[in-house]
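Read the structure below first, then the notes.
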Number of protein chains: 2
Amino acid sequence: MQDSADIGMAAAVGPCASIPAEHMDFIRQVLDRVGDKWSVLIIAVLESGPMRYTDLQRQVPGISQRMLTHTLRQLTEDGLISRTAYAEVPPRVEYALAPLGGGLYGIVRQLIGWAAEHHDEIRANRSGAGGSATSASSRS
Amino acid sequence: MQDSADIGMAAAVGPCASIPAEHMDFIRQVLDRVGDKWSVLIIAVLESGPMRYTDLQRQVPGISQRMLTHTLRQLTEDGLISRTAYAEVPPRVEYALAPLGGGLYGIVRQLIGWAAEHHDEIRANRSGAGGSATSASSRS
DNA sequence: CAGCATCCGCTACGATACTG
DNA sequence: CAGTATCGTAGCGGATGCTG
């Protein structure tokens with residue numbers, strides 16, 4: 001855990017505790033990628049080896065060309081995956097997980113692990129009293 | 001990590017490598033929370049201590065009541081944060097980070113750290129040749 | 001095969017007004 | 001103070017059809 005710098009002080013820990021506002025929008029972008037419906041799935045698939053367009057479409061269940069192309073492009077532009085086009089008569093394009101994407105997936109993996117681990121716990125909370133909402137009394 | 005079943009063959013780790021399809025939708029929910037525009041921000045703020053509704057609205061810049069209430073409710077229902085209402089004459093409600101939310105934030109923190117760390121690297125890729133798109137030639 | 005273009009529904013989100 | 005209710009919008013994402 002590295003703090004770029006200590007910003008927050010006693011009271012004004014502020015919204016973004018140890019996050020410089022300059023990086024805020026960028027962080028959002030990464031977080032958005034993670035929250036993306038397909039990005040993580042595609043990365044997960046590519047983790048097991050390079051794959052071509054059509055194969056990806058087959059491996060990622062329910063994705064549309066539009067989204068496949070779109071997500072693929074974004075991931076490529078971010079350098080998370082690599083795109084290699086072979087100028088053959090039947091065009092062949094292979095996508096592979098770039099080291100950068102591999103690093104990201106490592107962390108996302110923990111997220112997935114955490115999610116799986118606390119699966120029941122969260123479901124239990126939902127079925128319960130609607131969360132851990134407590135009521136306290138006190139006279140003003 | 002359990003496989004729901006063997007999907008492909010040896011090498012074909014498949015779409016959801018080690019993720020049982022049963023958990024898939026749940027994983028998505030967690031990933032969605034992370035990708036959420038406000039959830040992480042709110043958690044980050046609460047990490048520095050319990051806070052009331054109005055304070056949260058002040059600490060999280062640019063959030064609307066609608067979204068604050070909505071996100072707060074979701075996080076509470078998931079048990080990521082806790083809600084305590086004091087039945088006083090001027091109503092007072094305090095939100096605090098639940099242990100579950102703390103655990104999640106620990107991982108998200110890594111994500112943020114990673115993002116900050118590879119900030120330049122990704123930006124460089126975008127300015128570059130439009131990603132690591134390579135062209136290979138081969139005769140058919 | 002590997003895309004791009006177009007249309008279109010859904011819902012996430014914001015702004016505003018009102019209440020217990 | 002701590003919300004609820006309603007409305008309007010923008011962008012995500014799906015379906016379909018066409019191209020190099």
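Chain letters run A, B, ... following the sequence lines, proteins first and then strands; every chain starts at 1. The figures that follow rest on heavy atoms only: side chains count, while hydrogens, waters and symmetry mates do not.
Environment of CZ in Arg73(A): sparse, with no more than 12 heavy atoms of neighbouring residues, nucleotides or ligands closer than 6.0 Å.
The separation between Asp36(A) atom CG and dG11(D) atom C1' is 12 Å, rounded to whole Å. Atom CZ in Arg58(B) sits about 8 Å away from atom P in dC1(D), given to the nearest Å. When rounded to the nearest whole Å, the span between CG of Leu41(B) and P of dG14(C) equals 11 Å. Residue Met67(B) contributes atom CE, which lies 14 Å from atom P of dA5(D) at whole-angstrom precision. The nearest whole Å value for the distance from the NZ atom in Lys37(A) to the C1' atom in dG11(D) is 14 Å. The distance from atom CZ of Arg28(A) to atom P of dC13(C) is 9 Å, rounded to the nearest whole Å. Arg73(B) has its CZ atom 16 Å from the P atom of dA2(D), to the nearest Å. Distance Asp55(A) CG to dC1(C) P: 10 Å, rounded to the nearest Å.
Remark: Trp38(A) engages no residue in a ring-ring contact (aromatic ring centres under 6.0 Å, His included) (not counting sequence neighbours).
Leu46(B) places a side-chain heavy atom less than 4.5 Å from the side chain of Met51(B). At least one side-chain heavy atom of Thr71(A) sits under 4.5 Å from a side-chain heavy atom of Leu75(A). Residues Leu80(A) and Leu104(A) meet the side-chain proximity criterion, which asks for heavy atoms closer than 4.5 Å.
Between Glu47(B) and Arg109(B) there is a salt bridge, since a side-chain N of the basic residue sits under 4.0 Å from a carboxylate O of the acidic one.
Distances were taken from every side-chain heavy atom of Arg83(B) (C-beta onward) to each of dC13(C), dG3(D), dA2(D); the shortest belongs to dG3(D). Of the candidates dG14(D), dA2(D), dC13(C), the closest approach to any side-chain atom of Trp38(B) belongs to dC13(C). Listed candidates were dG3(C), dG3(D), dG14(D). Nearest to the side chain of Val93(A) is dG3(C).
Residue contacts shown for Thr69(A) are limited to sugar-phosphate atoms, with no base heavy atom under 4.0 Å away.
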Contact letters for nucleotides 15-20 of chain D, in which S counts primed atoms plus P, OP1 and OP2 and B counts the base, heavy atoms under 4.0 Å: BB---B
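Looking at Thr69(B) and Tyr53(B), their side chains do bring a donor and an acceptor atom within 3.5 Å of each other.
For dC4(C), neither phosphate oxygen OP1 nor OP2 lies less than 4.0 angstrom from any side-chain nitrogen or oxygen of Tyr53(A).
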